[in-house]
Amino acid sequence: MNIPEVTFKCRVLNEQDEYEWKNITTQELFLDKKVVLFSLPGAFTPICSNQQLPGYEELYDQFMEIGIDEIYCVSVNDSFVMNAWFKDQGIEKVKAIPDGNGEFTFNMGMSVSKANLGFGHRSWRYAAIINNGKIEILFVEDGKVGNCDVDPYEVSDPTTVLNYLKSKKTEEEVIVNYA
């Protein structure tokens with residue numbers, strides 16, 4: 001399955017160290033790259049801020065060592081919020097993707113209502129390995145339903161994704177060595 005084609009509205013630093021608007025497409029982000037993408041319900045929320053985002057930042061170099069080109073965090077938040085959250089968290093390696101309108105999330109089939117928390121529509125928590133714009137595997141948290149009373153975090157965590165990639169790499173090495 002291909003990832004949806006979407007243009008993200010981003011605030012990026014220019015050469016004068018000032019933020020300016022820039023449209024960034026999924027093709028720019030994912031074409032000719034092997035990427036780990038993870039999504040979460042919202043910036044500044046407990047699991048997202050205390051575990052998921054810092055966990056991917058902490059293991060970033062290990063992902064790079066096994067052939068991942070980039071790690072992206074997507075959330076149904078605008079670019080101002082995503083930039084402020086990444087700055088607050090001291091994130092320097094993982095890249096933010098602001099899905100302010102939720103278009104990417106909706107087209108991924110991951111949009112859920114979080115109206116019970118006053119969040120409106122947000123993303124269900126998941127991770128994906130995307131190779132040249134094609135989804136290789138999705139790690140979707142169990143129980144995906146709107147207005148869910150729980151916020152599971154067991155399969156989209158960085159350790160699970162990293163272990164999967166390491167096992168795939170080992171399998172590929174065994175096949176190459178066996179041939």
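Note that the structure is predicted; figures quoted are calculated from it, not measured.
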- Could you tell me whether a side-chain N or O of Asn14 sits under 3.5 Å from a main-chain N or O of Glu20, the two making a donor and an acceptor? no
- Message: Same cluster or not: Ile135 versus Ile68, using hydrophobic residues (I, L, V, M, F, W, Y) connected whenever any side-chain heavy atoms lie under 4.5 Å apart?
- Response: no
- Query: Does any non-hydrogen side-chain atom of Phe38 lie less than 4.5 Å from one of Val161?
  - Reply: no
- Message: Heavy-atom count check: over 12 atoms from other residues, nucleotides or ligands less than 6.0 Å from Glu5 CD?
- Response: no
- Message: Quick one about Asn132 and Lys33 (side-chain donor to acceptor, distance below 3.5 Å, no hydrogens or angles considered), yes or no?
- Response: no
- Query: Does the side chain of Met64 reach to within under 4.5 Å of the side chain of Ile71, using non-hydrogen atoms?
  - Reply: yes
- Query: For Gln51 and Asp157, what are the C-alpha separation, side-chain angles and deciding distance, and is it a side-chain contact (heavy atoms from CB on, under 4.5 Å)?
  - Reply: CA-CA 8 Å; Gln51 296 175 47; Asp157 63 285; over 6 Å; no
- Task: Could you tell me whether a side-chain N or O of Trp124 sits under 3.5 Å from a main-chain N or O of Glu141, the two making a donor and an acceptor?
- Result: yes
- Query: Side chains of Lys9 and Ser79: does their closest heavy-atom pair fall under 4.5 Å?
  - Reply: no
- In terms of hydrophobic clustering (I, L, V, M, F, W, Y; side-chain heavy atoms under 4.5 Å; direct or indirect links), are Met110 and Val74 co-clustered? yes
- Task: Kindly say whether Thr25 contributes a backbone atom to a donor-acceptor pair with the side chain of Glu28 at under 3.5 angstrom?
- Result: yes
- Check the pair Val112 / Val145 against side-chain contact (heavy atoms from CB on, under 4.5 Å), numbers first and verdict last. CA-CA 6 Å; Val112 292; Val145 64; over 6 Å; no
- Tell me, do Cys10 and Pro98 make a side-chain contact under 4.5 Å, heavy atoms counted? yes
- Item | Cluster overlap Ile24 with Ile3, hydrophobic side-chain contacts below 4.5 Å | yes
- Query: Are Ile130 and Tyr72 side-chain neighbours, meaning at least one heavy-atom pair lies under 4.5 Å?
  - Reply: no
- Is there a donor-acceptor pair closer than 3.5 Å between any side-chain N or O of Ser113 and the backbone N or O of Gly146? no
- Message: Just verifying a value: how many Å separate Gln52 CD and Ile47 CD1, rounded to the nearest 0.5 Å?
- Response: 8.5 Å
- Return the minimal non-hydrogen interatomic distance between Val94 and Phe86, and the atom names on each side. O-CE2, 3.3 Å
- Message: How about CG on Asp149, more than 12 heavy atoms from neighbouring residues, nucleotides or ligands closer than 6.0 Å, or not?
- Response: no
- Check: Asp78 side chain, Val81 main-chain N or O, donor-acceptor pair, under 3.5 Å: yes
- Message: Between Met108 and Leu138, is the side-chain contact (heavy atoms from CB on, under 4.5 Å) condition met? List the steps.
- Response: CA-CA 11 Å; Met108 282 288 290; Leu138 282 169; 4.1 Å; yes
- Counting only heavy atoms not in Lys144, do more than 12 sit closer than 6.0 Å to its NZ atom? yes
- Ring centroid separation Tyr19 to Phe80 under 6.0 Å: no
- CZ/Phe139: more than 12 non-hydrogen atoms of other groups inside 6.0 Å: yes
- Item | CD/Gln16: more than 12 non-hydrogen atoms of other groups inside 6.0 Å | yes
- Query: Quick check: does any side chain N or O of Asn107 sit under 3.5 Å from a backbone N or O of Glu103, one acting as donor and the other as acceptor?
  - Reply: yes
- Message: Using a 6.0 Å cut-off, check whether atom CG of Asp142 has over 12 heavy atoms from anything other than its own residue.
- Response: no
- Connected via hydrophobic side-chain network under 4.5 Å: Leu162 and Leu40: yes
- Message: For a side chain to side chain donor-acceptor pair (under 3.5 Å) check, start with the C-alpha distance between Lys114 and Asn147, then their side-chain angles and the critical distance, and finish with the verdict.
- Response: CA-CA 5 Å; Lys114 293 272 189 179; Asn147 297 313; over 6 Å; no
- Whether over 12 other heavy atoms sit under 6.0 Å from Asn163 CG: yes
- Message: Tell me which one of Glu92, Lys93, Glu70 satisfies side chain to side chain donor-acceptor pair (under 3.5 Å) with Tyr60.
- Response: Glu70
- Message: Can you list everything that forms a side chain to side chain donor-acceptor pair (under 3.5 Å) with Asp69? Sequence neighbours excluded, please.
- Response: none
- Can you check side-chain contact (heavy atoms from CB on, under 4.5 Å) on Lys95 and Leu29, steps first, answer last? CA-CA 10 Å; Lys95 306 296 185 293; Leu29 294 171; over 6 Å; no
- Message: Same cluster or not: Trp85 versus Val76, using hydrophobic residues (I, L, V, M, F, W, Y) connected whenever any side-chain heavy atoms lie under 4.5 Å apart?
- Response: no
- Query: Side-chain contact, heavy-atom cut-off 4.5 Å: Asp151 with Thr45?
  - Reply: no
- Item | Asp99 side chain to Phe104 backbone, donor-acceptor under 3.5 Å | yes
- Query: Can you tell if the side chain of Cys48 reaches within under 4.5 Å of the side chain of Arg125, non-hydrogen atoms only?
  - Reply: yes
- Kindly compute the distance separating OH (Tyr126) from OG1 (Thr105), expressed to the nearest 0.5 Å. 5.5 Å
